[in-house]
Undergrad: 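After the structure tokens below, expect a handful of questions from me.
Residue numbering restarts at 1 for every chain, and letters A, B, ... go by the order of the sequence lines.
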Amino acid sequence: MTEVRIIKKRKDFLKVAKQGEKVVQSTLILQAAFNLSVEPDCCHIGYTATKKLGKAHIRNRTKRRLRAAARVVFGMNGLQGVQYVLIGRYRTADCPFEQLLKEMQQALKKVNKLLQKEEATHEQTADPTTDSAN
RNA sequence: ACGGGUGGCCGGAUAGCCGCGCAACGGAAAGUAAAAUCCACUUGUGAGGAAAGUCCGGGCUUCAAGGGAACAAGACACCAGAUAACGUCUGGCUGGGGAAACCCAAGGGAAAGUACCGCAGAAAAUUACCGCCUUUCUAUAUGGAAGGUAAGGUUGAAAAGGCGAGGUAAGAGCUCACCGCAUUCUUGGCAACAAGGAUGGUCCAGGCAAACCCUGUCUGAAGCAAGACCAAGUUAGGACGAAUUUCUUUUGAAAUUUAGUAUCGGAGAGUUCCCACUCCUUCCAGAGGUAGGUCGCGCCGAGCCUGGUUGCAAAACCUGGCCCAGAUGAAUGGCUAUCGUCAUAAAUCUUUGUCGCAAGAUAAAGCAAAUAUGAUACAGAACCCGGCUUAUAGGCUGCCCAUUUUU
RNA sequence: GGUCCCAUCGUCUAGUGGCCUAGGACACCGCCCUCUCACGGCGGGAACACGAGUUCGAACCUCGUUGGGAUCA
């Protein structure tokens, strides 16, 4: 189990969007990136709903549904030391809840795989450089 | 019964599981630059009629800043009332629409001045083309010249009161009746205005002020990212003048201070002036970093609910009761079940009409219980109030008008 | 949350209430030129964000919607 905390600063959102991995589903977009400032045994989640989706009550609703789904999914499978960002899409407010759960799980699996790969390659490439620097 | 007008109200309910914000009670530890902390479970509480648009008006806060005058800029504009105030509301007047209930109107001033009115038309504001009439000339004609006139014609969105009679060379408010218009008087009304009378033919004069403008009334500006406090960090420079001290023959250099009183002067909300008030060695140039926290901020308010009195009403007053969201990447949700409301569909049932001897057929209307499918709106507080505007599935209800039928 | 600004062919723009059935440039389409393309020449289509009001008459004036953009300490 990993503890889930909420991202609140604009800086963090931008960082994840720039550097992280991205998976697109029909009901949501998931972005993720490692960050050293994350406490151990923790992962951070941020929620985004842009003005494109609709007026204020629709944006609030997408965020709520994302939050409700994320409580189920990320408590079990969230990686430690990672910042996730969930972005709502047009269908997020209307689609059946089970579909939202499924797609979120799929997206999380994919992102986690990508992150692990990147980490592995990063470690391989990083080690010799550090050696040569020393 | 059907069709319309207008006002008010509601705008899903219950249960279960998981979850969120805030407040109170309780507990805990920790150490940060400082202040917010963290945990638990219990209790309480948790969006709207528009929370929206930000179109008006206030409270509140800051700009050091109170009063008066002029100008500038902006808003508003029939009358009376309501209100903290308003561009809002209520009642009335006038004009327009409608068969009526009722609805709509930025509804002051065009004899204070300026501008504009394309095309067409003689002429778009001191007009005269075709006409009509009189006089006169000659080449006696479908002619010219001088005058009178504005009835008729054409154009246009708009052409200088309308219509009838008299009158005339032809005409004309030239004269008269009626209607309209203007002035004035009387009556009613707080007033806008209405009704009636008298006088006026110099009745001289179109539209446009949502063109400039004039008149009257109102307005200092900016906005809770206002603003106040706490913490950390950074910066605190240069030039000139004055005074003092030290060094120096002097010029000058260095350091420190720039205090108090009085006068003058300067500065101070868009501009100027006056009174009052405040501040002041002068000038120039920078540097640094951050949205960390607390308050403002929700328990007292132009507050909400109930009842009563006054008033046609908007509202006002009185009695009693209540305390009711407070976030800040922003809580009030997710799922399930049952029910409610509306629409549609087919079948069942009932009533009535028609056809038929009857069985029955067919059309219309209705209601009850159940079935299926679909729909269940607009939309989310962010300092707070009063309005306006815009969006809105569906439902309840008061009053009024017209038509038809029955009693 | 507050305060402002803007909207004209596909794009960038011009436009005194009547000369506007809206002009110009680039782009697009057709024809000509050329062996072909480009350049050049001729011609064509294409827009006043939406809804009301004022006016005899609105792209223009007024009000309300819609959409886009800027800014704050």
Side-chain angles (χ1 to χ4, degrees):
Chain A
M1 284 290 287
T2 50
E3 200 179 330
V4 174
R5 292 192 180 171
I6 297 172
I7 304 177
K8 291 191 174 181
K9 286 199 178 180
R10 184 172 163 76
K11 262 187 192 173
D12 297 334
F13 280 89
L14 290 178
K15 234 184 204 176
V16 173
K18 260 192 178 179
Q19 303 175 352
E21 300 294 330
K22 179 177 164 188
V23 171
V24 180
Q25 297 277 6
S26 66
T27 54
L28 58 95
I29 297 173
L30 180 62
Q31 295 175 329
F34 280 102
N35 196 327
L36 295 176
S37 65
V38 179
E39 301 87 342
D41 304 331
C42 258
C43 69
H44 287 187
I45 301 184
Y47 308 93
T48 297
T50 60
K51 271 194 178 175
K52 276 186 187 176
L53 294 181
K55 298 200 171 180
H57 79 285
I58 296 173
R59 298 203 295 274
N60 282 357
R61 194 175 168 77
T62 59
K63 277 192 190 179
R64 278 184 206 132
R65 297 196 70 172
L66 286 176
R67 221 173 285 146
R71 199 168 56 241
V72 177
V73 175
F74 280 76
M76 300 300 293
N77 302 323
L79 282 183
Q80 297 181 359
V82 177
Q83 286 188 326
Y84 295 97
V85 171
L86 286 163
I87 301 173
R89 306 193 71 189
Y90 291 100
R91 294 187 54 211
T92 310
D94 303 327
C95 72
F97 193 67
E98 290 180 14
Q99 189 188 350
L100 189 62
L101 282 178
K102 265 190 189 177
E103 296 201 347
M104 194 180 282
Q105 275 169 344
Q106 283 178 4
L108 185 56
K109 271 186 188 176
K110 277 188 188 177
V111 160
N112 285 351
K113 271 189 186 177
L114 285 171
L115 281 175
Q116 281 163 352
K117 262 190 192 175
E118 189 195 327
E119 194 177 23
T121 55
H122 188 67
E123 279 175 358
Q124 281 174 6
T125 52
D127 285 340
T129 53
T130 48
D131 288 346
S132 63
N134 292 341

Undergrad: Pairing check on U371(B): which nucleotide meets the Watson-Crick or G-U wobble criteria with it, both distances under 3.5 Å?
TA: A345(B)
Undergrad: Can you tell me how far C1' in U202(B) sits from the matching atom in C117(B), rounded to whole Å?
TA: 28 Å
Undergrad: For the P atoms, the ones on C176(B) and on A198(B), what distance do you get once it is rounded to whole angstrom?
TA: 16 Å
Undergrad: Taking all non-hydrogen atoms of both residues into account, name the closest pair between Ser26(A) and Glu103(A) and its distance.
TA: OG-OE2, 3.0 Å
Undergrad: Using a cut-off of less than 4.0 Å, is there contact between a side-chain N or O of Arg65(A) and OP1 or OP2 of C335(B)?
TA: yes
Undergrad: Is there a Watson-Crick or G-U wobble partner for A52(B) with both distances under 3.5 Å, and if so, which one is it?
TA: U389(B)
Undergrad: If pairing requires Watson-Crick or G-U wobble contacts with both distances under 3.5 Å, which nucleotide is the partner of G296(B)?
TA: none
Undergrad: Which glycosidic conformation, syn or anti, is assigned to G173(B) if syn requires a torsion within 90° of zero?
TA: syn
Undergrad: What is the pairing partner of A99(B), taking Watson-Crick or G-U wobble pairs with both distances under 3.5 Å in any strand?
TA: none
Undergrad: Which atom names give the shortest non-hydrogen contact between Ile45(A) and Ala70(A), and what distance separates them?
TA: CD1-CB, 4.4 Å
Undergrad: Side-chain heavy atoms under 4.5 angstrom apart, residues restricted to Ile, Leu, Val, Met, Phe, Trp, Tyr: same cluster for Ile58(A) and Tyr47(A)?
TA: no
Undergrad: Could you measure between the two P atoms, the one in G374(B) and the one in C401(B), and give it in whole Å?
TA: 47 Å
Undergrad: How many angstroms lie between atom NZ of Lys102(A) and atom CD of Gln25(A), to the nearest 0.5 angstrom?
TA: 12.0 Å
Undergrad: Between Leu30(A) and Leu86(A), is there a side-chain heavy-atom distance shorter than 4.5 Å?
TA: yes
Undergrad: Under a 3.5 Å cut-off for both distances, is A23(B) Watson-Crick or wobble paired, and to whom?
TA: U43(B)
Undergrad: Which whole number of Å gives the distance between the C1' atom of G296(B) and that of U62(B)?
TA: 13 Å
Undergrad: About how many Å separate CG of Leu100(A) and CG of Leu66(A), when rounded to the nearest 0.5 Å?
TA: 6.0 Å
Undergrad: Please report, rounded to the nearest Å, how far the C1' atom of A330(B) is from the CG atom of Leu66(A).
TA: 16 Å
Undergrad: Measuring only the C1' atom in each nucleotide, how far is C89(B) from A195(B)? A whole number of Å is fine.
TA: 32 Å
Undergrad: Both distances under 3.5 Å, Watson-Crick or G-U wobble: report the partner of A115(B), or none.
TA: none
Undergrad: Atom pairs, N/O to N/O, protein against nucleotides 17-20 of chain B, distance under 3.5 Å?
TA:
residue	atom	partner	partner atom	Å
G19(B)	O2'	Arg71(A)	NH1	3.2

Undergrad: Taking syn as within 90° of 0 and anti otherwise, name the glycosidic form of A165(B).
TA: anti
Undergrad: For Arg59(A), which residues count as a side chain to side chain contact (heavy atoms under 4.5 Å, CB included) partner, sequence neighbours excluded?
TA: Ala49(A), Lys51(A), Ala56(A)
Undergrad: Checking base pairs now: Watson-Crick or wobble, both atom distances under 3.5 Å. What partners C399(B)?
TA: G5(B)
Undergrad: Ignoring hydrogens and angles, write down the donor-acceptor pairs under 3.5 Å from the side chains of residues 104-116 of chain A, residues two or more places apart or on other chains.
TA:
residue	atom	partner	partner atom	Å
Asn112(A)	OD1	Tyr84(A)	OH	3.0
Asn112(A)	ND2	Asn77(A)	O	3.3
Asn112(A)	ND2	Leu108(A)	O	3.4

Undergrad: Looking at residues at least two apart in the chain, or sitting in another chain, which of them share a side chain to side chain donor-acceptor pair (under 3.5 Å) with Thr62(A)?
TA: none
Undergrad: For C214(B), measure the glycosidic angle (O4'-C1'-N9-C4 for a purine, O4'-C1'-N1-C2 for a pyrimidine) and name it syn if it falls within 90° of 0, otherwise anti.
TA: anti
Undergrad: Is the base of G49(B) syn or anti, where syn means the angle lies within 90° of 0?
TA: syn
Undergrad: Should A210(B) form a Watson-Crick or G-U wobble pair with both distances under 3.5 Å, which nucleotide is its partner?
TA: none
Undergrad: Both Glu98(A) and Thr48(A) contact RNA chain B. Taking the nearest nucleotide for each, which residue is further toward the 5' end?
TA: Thr48(A)
Undergrad: Between G386(B) and G301(B), how many Å separate the two C1' atoms, rounded to a whole number?
TA: 13 Å
Undergrad: Is G12(B) in the syn or the anti form, by the rule that syn lies within 90° of 0?
TA: anti
Undergrad: With 3.5 Å as the limit, what N/O pairs link the protein to nucleotides 378-380 of chain B?
TA:
residue	atom	partner	partner atom	Å
A379(B)	N7	His57(A)	NE2	3.0
G380(B)	OP2	Ala56(A)	N	3.4
G380(B)	OP2	His57(A)	N	3.3
G380(B)	OP2	His57(A)	ND1	3.1
G380(B)	N7	Arg64(A)	NH2	3.4
G380(B)	O6	Arg64(A)	NH1	3.4

Undergrad: Using atom P of each nucleotide, how far apart are A359(B) and G353(B) to the nearest Å?
TA: 16 Å
Undergrad: Between Lys63(A) (NZ) and G334(B) (P), how many Å, whole number?
TA: 15 Å
Undergrad: Can you spot which of Val24(A), Leu28(A), Ile29(A) makes a side-chain contact (heavy atoms from CB on, under 4.5 Å) with Ile87(A)?
TA: Ile29(A)
Undergrad: With rounding to the closest Å, how many angstrom separate the C1' atoms on G340(B) and A13(B)?
TA: 7 Å
